[in-house]
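Numbers restart at 1 for each chain; the letters A, B, ... are given by sequence-line order, proteins then strands.
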Number of protein chains: 2
Amino acid sequence: MPPIDDHLAIFDPVTDPDQAERYLTDWPRDAKGRARAILRPRTVEEVAQIVRLCAAAAIPVVPQGGHTGLVAGGVPSADGTEVVVSLERLNHIREIDPANFSMTVEAGCILANLHDVASEHERLFPLALGAQGSCQIGGNVATNAGGLNVLRYGMTRNLVLGIEAVLPDGQIWNGLRKLHKNNTGYDLKQLLIGSEGTLGIVTAVSLRLFPKPTQVETAFLAVENPAAAVALYGLARRDLSDLLSAFELIGHVGVELAQEATPDLRHPLETRSSHYVLMEASASGLVDLSALMQRFLESAMEAGHVLDGTVAANSAQAGALWRIREDLVEGQARRGRHLRTDVSVPISDIAAFLAKTDAALAQAEPNAIPVAYGHVGDGNLHYNVLPPPHMAEGDKPAFLKQCEQVVYAALPEFAGSISAEHGIGRAKLGSYLKGLAPEEKALTEGVKRLFDPKGIMSPGRLFEV
Amino acid sequence: MPPIDDHLAIFDPVTDPDQAERYLTDWPRDAKGRARAILRPRTVEEVAQIVRLCAAAAIPVVPQGGHTGLVAGGVPSADGTEVVVSLERLNHIREIDPANFSMTVEAGCILANLHDVASEHERLFPLALGAQGSCQIGGNVATNAGGLNVLRYGMTRNLVLGIEAVLPDGQIWNGLRKLHKNNTGYDLKQLLIGSEGTLGIVTAVSLRLFPKPTQVETAFLAVENPAAAVALYGLARRDLSDLLSAFELIGHVGVELAQEATPDLRHPLETRSSHYVLMEASASGLVDLSALMQRFLESAMEAGHVLDGTVAANSAQAGALWRIREDLVEGQARRGRHLRTDVSVPISDIAAFLAKTDAALAQAEPNAIPVAYGHVGDGNLHYNVLPPPHMAEGDKPAFLKQCEQVVYAALPEFAGSISAEHGIGRAKLGSYLKGLAPEEKALTEGVKRLFDPKGIMSPGRLFEV
């Protein structure tokens, strides 16, 4: 054993193969890697020591959060050269400051726990994703996570006041201020946010909080088509005075997939349509949100934007409506290997993009089963594709790759993006690099060289090795 | 005349000395410069040609917006070596897309005009500052402008979806997307935002819009002290469900200064206190904002957070309340040379920071007259200082510099910032560099070298020459 591994061995490496398993793959289990070592430091100083040792020996490092990434960014490479640095033990709340509407937390804190801590102080931390029970805030920041409430509260980027990170040379960068406004020089933390582990390791963050909502109204609505959903979105923002917190478009196939996963899941409406909207508004204080939602829905139905709808009478009913959105993901997974995409277009182009992509896919792959759903307010669509039933497993990868090309080919007309929220990692590297303008590529590579001249941080993610 | 100047002469330079005057100074008139040429390109391609010519000849370039900056960033240097590039003729609205809640506009558009255009489409562009009648959006983006509505809508950074810019080598960078979500690689536009002209010239931007408010409630309240104002702010955010759009703290000296500037400006309250709050809430759609504000104020008075208050019954009355905030700036100006600061601390530390700074100033300079006001929701205070009456003009600069040091010396204890929104430019360069941590300095200088290896963009701003 060379000396470097002896040094690393003091950071409590995971050596038991069963225990190691979960550090070598992410939730989608598309990729599996091997690791030179799996380390679990307990402090930022320990993270810095590890990175300094690795930098000195030019050993690649990959930071890990909750293993819920969808682009194989946190999975170590197959050649076993990378040192995995799990942040799971840096999981302390350093401070909560309700009067400043902020809290400062370590990277390994699980998102759902942050919701609870904020709530105890009558505050909301609004980042909300399917993976919130296991994803970690450091990973959320490193990937600029999106989720369900972006239309109101923004991406993770918009929720970060300050960052502490270990830079690729092992220096600790203390950018951990909790100021709501600070206009002094380049805002370097913006580079770390969404850098997917390629510029350093986020060890702690200061986050913005909001008043805790005390009223929530959830509705499930049948609409005629995506264009009607987009029109309804504009009205909802106006009529509900931006108290809208989620606005999800779900196709009828999505509802069927949810019911496949959960057979006792009742269709909430009598009316059947090709498209549905799951929307939520939330408020604190003295607003009468229930009356507001009722009046909005009445006027939307009168105007013909809504064919049918139901409003949850209590949180149990709201939970049942949300299960449609959550269980359709599980329903897709049960169908086996499928294409997940994460594209975005301007909100005003959602209907045209869907129509165009549906037509192109029907022509290129008539047996493909599209499952499109997503966040209308962000122009972010998960245009997923299931292979036809009975397709041989061995044929699926090429088939799904072909479908992905069809979906991506529709984007340039709308100046759309191949990744609204999941990021690039290794899974989308080829498509990302193909679409990168030369001037952006040069600056991006320059930023990487500036932060990480030895190229030890998460090689192969965002950049070719 | 060397050939380079011949080349530049095709971009319609300003040569008349009277006309040139306004390109050589900013609104505060603290600094005056000279220019090698003052150019007014009409297109992004012309901007690119100018920058290419200057880059080839290593001639420094300083971009200019509406001349409303407060840190001498847009004023050319005194040695007359810099080429001024005014963006005022790039002033077209390229597109407004209400369904996407976005618009794409050129850098020279005046902020107030953007308000009007958005409003015609039932939308709001929420950036609001005193200078909005003459500042230009390109300058707002380059300086990450703040203003009155940051607590609800964020800084300019939060309002930018995409940027088109001319880089320091004359390349046009087309980052002009209008996507609400795009997670593909490093978010390079974040470097341009707030870079104060040191990394390139912003030529156009895509901006986020919001539903146009149709109800506005404005109140002027007497509070016992800054701590009461901070407590009231937390309650207001909760009770008004984040429909709060402005929350300004004003000391009694501020009211007196406003009345000095506008003698017929009536004090809106019977009660006299040391501190007042000017607050505004706004809403669109079906919310009953007037009832909401009434109920909030009743409960705030019952709880003892408000000593006395008045709510504007119409927009004329609201305007009169806002004049106090606006005219106090004019009142300060009439007192002659004075110290303007623009500090920020955590909201929870506002009262402690004010108490500490008041005490330190009273001890160091007993004759100084502090005028503190600011944006409570951002922790952003304009802790300004007037010299004592009858002080000789020649003594004021040293006196005010000394007062500035006292104010800044109170910041580290609260991890505060010397610039919440005005930026660094040349005026705050010394204080900024003194506070810059070594790891931030190295990365900041690296970013500058990456974008501008020849150092031609706005030299002497953010960096020493």
Side-chain angles (χ1 to χ4, degrees), chain A residues 97 99-100 144 146 150 155 158 171 173-174 177-188 190-191 194-195 210-211 230 234 237-243 283-287 292 295-296 344 346-348 378-380 415 417-421 423-424 432 439-440 443-444 446-447 450 462, chain B residues 97 99-100 144 146 150 155 158 171 173 177-188 190-191 194-195 210-211 230 234 237-243 283-287 292 295-296 344 346-348 378-380 415 417-421 423-424 432 437 439-440 443-444 446-447 450 462:
Chain A
D97 183 348
N100 189 46
N144 188 25
V150 172
M155 302 282 279
N158 187 45
Q171 268 192 100
W173 176 47
N174 186 357
R177 281 167 151 180
K178 55 175 185 171
L179 300 174
H180 290 269
K181 252 181 177 174
N182 180 17
N183 238 359
T184 48
Y186 304 150
D187 193 354
L188 297 170
Q190 302 296 344
L191 289 174
S195 64
F210 294 80
V230 169
R237 286 200 59 186
R238 184 191 71 187
D239 285 359
L240 300 174
S241 197
D242 264 346
L243 298 177
S284 61
L286 306 165
V287 171
L292 202 60
R295 287 169 61 196
F296 161 64
S344 62
I347 301 167
S348 43
D378 314 326
N380 177 193
S417 168
I418 60 164
S419 180
E421 55 182 10
I424 302 301
Y432 160 65
E439 70 274 15
E440 292 191 13
L443 291 173
T444 297
V447 168
L450 170 63
L462 281 184
Chain B
D97 184 349
N100 190 47
N144 187 27
V150 172
M155 303 283 278
N158 188 45
Q171 269 193 100
W173 176 46
R177 282 167 151 179
K178 56 175 186 171
L179 300 174
H180 290 269
K181 250 183 178 173
N182 180 18
N183 237 359
T184 49
Y186 305 151
D187 194 355
L188 297 170
Q190 303 296 342
L191 289 173
S195 64
F210 293 80
V230 169
R237 287 201 59 186
R238 184 191 70 187
D239 284 357
L240 300 174
S241 197
D242 264 345
L243 298 176
S284 61
L286 307 165
V287 171
L292 203 59
R295 288 169 60 197
F296 160 65
S344 62
I347 301 168
S348 43
D378 314 326
N380 176 192
S417 168
I418 60 164
S419 179
E421 56 183 9
I424 302 302
Y432 160 66
E439 70 274 15
E440 292 191 14
L443 291 172
T444 297
V447 168
L450 170 64
L462 280 185

- If you count heavy-atom pairs under 4.5 Å between each of B:P211, B:G285, B:A99 and chain A, which one has the most?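 Ranked by heavy-atom pairs under 4.5 Å with chain A, first place is B:P211.
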- Query: If you count heavy-atom pairs under 4.5 Å between each of B:S419, B:A415, B:A437, B:G146 and chain A, which one has the most?
  - Reply: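 Option with the top pair count is B:S419.
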Could you look at [X] and say if it's the side chain, the backbone, both or neither that has a heavy atom under 4.5 Å from chain A?
{"X": "B:L179", "answer": "side chain"}
{"X": "B:L292", "answer": "both"}
{"X": "B:D97", "answer": "side chain"}

- Task: Decide yes or no on side chain to side chain contact (heavy atoms under 4.5 Å, CB included) for B:T444 and B:L462, but give the supporting numbers first.
- Result: CA-CA 9 Å; B:T444 297; B:L462 280 185; over 6 Å; no
Side chain / backbone / both / neither for [X] at chain B, heavy atoms under 4.5 Å:
{"X": "A:N380", "value": "side chain"}
{"X": "A:L286", "value": "both"}
{"X": "A:Q171", "value": "side chain"}

Mind ranking [options] by heavy-atom pairs under 4.5 Å with chain B and telling me who comes out on top?
{"options": "A:R177, A:K178, A:R237, A:H180", "result": "A:R237"}
{"options": "A:G194, A:S348, A:G185, A:G423", "result": "A:S348"}
{"options": "A:T184, A:V287, A:I424", "result": "A:T184"}
{"options": "A:S344, A:A420, A:G234, A:S417", "result": "A:A420"}
{"options": "A:P346, A:G379, A:G446, A:S195", "result": "A:P346"}

- Any side-chain heavy-atom pair of A:V447 and B:V447 under 4.5 Å: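 They are not in side-chain contact.
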- Query: For B:A283 and B:L243, which heavy atoms make the closest approach, and how far apart are they?
  - Reply: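 So the minimum-distance heavy-atom pair works out to CB-CD1, 4.2 Å.
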- Query: What's the shortest heavy-atom distance between A:L240 and A:F296, and which atoms?
  - Reply: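 Closest pair (atom of A:L240, atom of A:F296, distance): CD2-CB, 4.0 Å.
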- Query: Can you check whether A:M155's main-chain N or O pairs, donor with acceptor, with A:N144's side chain at less than 3.5 Å?
  - Reply: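 Judged by distance alone, no pair lies under 3.5 Å.
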- Message: Closer than 3.5 angstrom, by distance alone: can the side chain of B:E439 be matched with the main-chain N or O of A:N174 as a donor-acceptor pair?
- Response: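 A pair under 3.5 Å: yes.
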- Query: What distance separates A:L443 CG from B:W173 CH2, expressed to the nearest 0.5 Å?
  - Reply: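 Between A:L443 CG and B:W173 CH2, I get 7.5 Å after rounding to 0.5 Å.
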- Task: Check salt bridge (charged side-chain N to carboxylate O under 4.0 Å, His left out) between B:D187 and all other residues, then give those that pass, not counting sequence neighbours.
- Result: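 In terms of salt bridge (charged side-chain N to carboxylate O under 4.0 Å, His left out), with neighbours along the sequence ignored, B:D187 is linked to A:R157, B:K189.
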